[in-house]
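The structure displayed is predicted, hence computed values, not measured ones. Along the sequence shown, the residues carry numbers beginning at 1.
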Amino acid sequence: AVNYAATQMFMLGVSEDSFEPETELTRAMAVTVLARLADADTSAYSEPAFSDVESGRYYTEAVGWARDNGITNGTDEEHFSPDETLTRQQLCAMVYRMQRGGEPGTRDCTFDDFDEISEYAKPAVSYLAGAGIINGMGNNKFEPKTAVTRAMLAQIIYKANF
């Protein structure tokens, strides 16, 4: 999965010879990768989409693209929280919105901690788990608020056939 994400240029290494699979993703890193997956032309998004997104950052254009394409709503109307660690439920919601082909709520989800998943993410987690794109973390737990690592995102990219 890491090899696929790297060779397809969806995810770049953190240096010339290091991928750092266990490094936790920030929200900014995630939307940057998602924009690459979509082969999005982000050039029209040089103006910050949220008050906490600065001009000229590596993620500025990707955040604008993600907002305008319904991939993210931010953490509230005015904030994206680019440096916040991305959670598993947030990633599922973003990937599900990118796929746009899923049928929300039509797949059974049997994670023991399903009730701990935020309402906005439940259809996404159900669909992605049912489609085999995301797995639990062991002991039949999804762990919705656990941070996403670079390796986890690479695995989702690989399984989702982007």
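A distance-only check finds no donor-acceptor pair linking the side chain of Asn135 to the backbone of Ala129 [under 3.5 Å]. Between the side chain of Thr26 and the backbone N or O of Met29, at least one donor-acceptor pair lies under 3.5 Å. Between the side chain of Arg150 and the main chain of Pro21, no donor-acceptor pair closer than 3.5 Å is present. Although no hydrogens or angles enter the test, the distance criterion places no donor-acceptor pair under 3.5 Å between the side chain of Gln89 and the main chain of Val125. For Asp76 (side chain) and His79 (main-chain N/O), a donor-acceptor pair under 3.5 Å exists by modelled atom type. Using modelled atom types, no side-chain atom of Asp112 and backbone atom of Lys141 make a donor-acceptor pair closer than 3.5 Å.
Looking at heavy atoms from C-beta onward, Val53 lies in side-chain contact with Tyr59 at the 4.5 angstrom threshold. In this structure, Pro144 and Gln90 have side chains that are not in contact, with every pair of non-hydrogen atoms separated by 4.5 Å or more. Here the side chains of Tyr45 and Asp68 are in contact, with some heavy-atom distance below 4.5 Å. The shortest side-chain heavy-atom distance between Arg27 and Thr72 falls under the 4.5 Å cut-off. Residues Val63 and Pro82 form no side-chain contact, since every pair of their non-hydrogen atoms from C-beta on lies 4.5 Å or further apart. Side-chain contact between Lys122 and Tyr127: absent, with no pair of heavy atoms (C-beta onward) separated by less than 4.5 Å. Side chains of Thr42 and Thr60 form no contact here, defined as non-hydrogen atoms less than 4.5 Å apart. A 4.5 Å side-chain heavy-atom check between Glu61 and Thr32 finds every atom pair outside the cut-off.
Gln155 and Ala1 make their closest contact through OE1-CB, 3.2 Å (heavy atoms, listed as atom of the first residue, atom of the second, distance). Taking each heavy atom of Cys109 and Ser126 in turn, the nearest pair found is CB-OG, 3.5 Å. In terms of heavy atoms, Glu116 sits closest to Lys145 at O-NZ, 3.1 Å. When all heavy atoms of Pro123 and Tyr96 are compared, the closest pair comes out as O-CE1, 4.5 Å. Among all heavy-atom pairs drawn from Tyr120 and Ala93, the shortest one is CE1-CB, 3.8 Å.
Counting non-hydrogen atoms of other residues, nucleotides and ligands closer than 6.0 Å to CG of Asp115 gives a total above 12. Few gaps surround CZ on Phe19; more than 12 heavy atoms of other groups in view lie less than 6.0 Å from it.
Applying the ring pair (Phe, Tyr, Trp, His ring centres under 6.0 Å) test to pairs two or more places apart or on separate chains, those with a residue in residues 128-148 are Phe111-Phe142.
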Dump the intermediate steps for side chain to side chain contact (heavy atoms under 4.5 Å, CB included) on Phe50 and Arg67, then the final yes or no.
CA-CA 9 Å; Phe50 295 94; Arg67 186 206 58 201; 3.9 Å; yes
CA sep, side-chain torsions, deciding dist, call: Ile156, Leu91, side chain to side chain contact (heavy atoms under 4.5 Å, CB included):
CA-CA 10 Å; Ile156 289 169; Leu91 178 61; 3.4 Å; yes
Side chain to side chain contact (heavy atoms under 4.5 Å, CB included) between Glu78 and Asp52, intermediate numbers included
CA-CA 8 Å; Glu78 294 185 27; Asp52 61 348; over 6 Å; no
In sequence, state the C-alpha distance, the side-chain angles, and the governing distance for Val95 and Leu128, and then conclude on side chain to side chain contact (heavy atoms under 4.5 Å, CB included).
CA-CA 9 Å; Val95 170; Leu128 295 177; 4.1 Å; yes
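For the atom pair CG of Leu25 and CD of Glu84, the computed distance is 13.5 Å after rounding to the nearest 0.5 Å. The line from CG of Leu153 to CE of Met94 is 10.5 Å long, rounded to the nearest 0.5 Å. If you take OG on Ser51 and CD on Glu77, they are separated by 11.0 Å, rounding to the nearest 0.5 Å.
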For residues 3-13, dump all side-chain donor-acceptor pairs below 3.5 Å to protein atoms at least two apart in sequence or in another chain.
from: Tyr4; atom 1: OH; to: Phe162; atom 2: O; distance (Å): 2.6
from: Thr7; atom 1: OG1; to: Asn3; atom 2: O; distance (Å): 2.8
from: Thr7; atom 1: OG1; to: Tyr4; atom 2: O; distance (Å): 3.3

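For Glu47, the salt bridge (charged side-chain N to carboxylate O under 4.0 Å, His left out) test picks out no residue, with sequence neighbours left out.
Glu24 and Thr149 share no donor-acceptor pair across their side chains, judged by distance under 3.5 Å alone.
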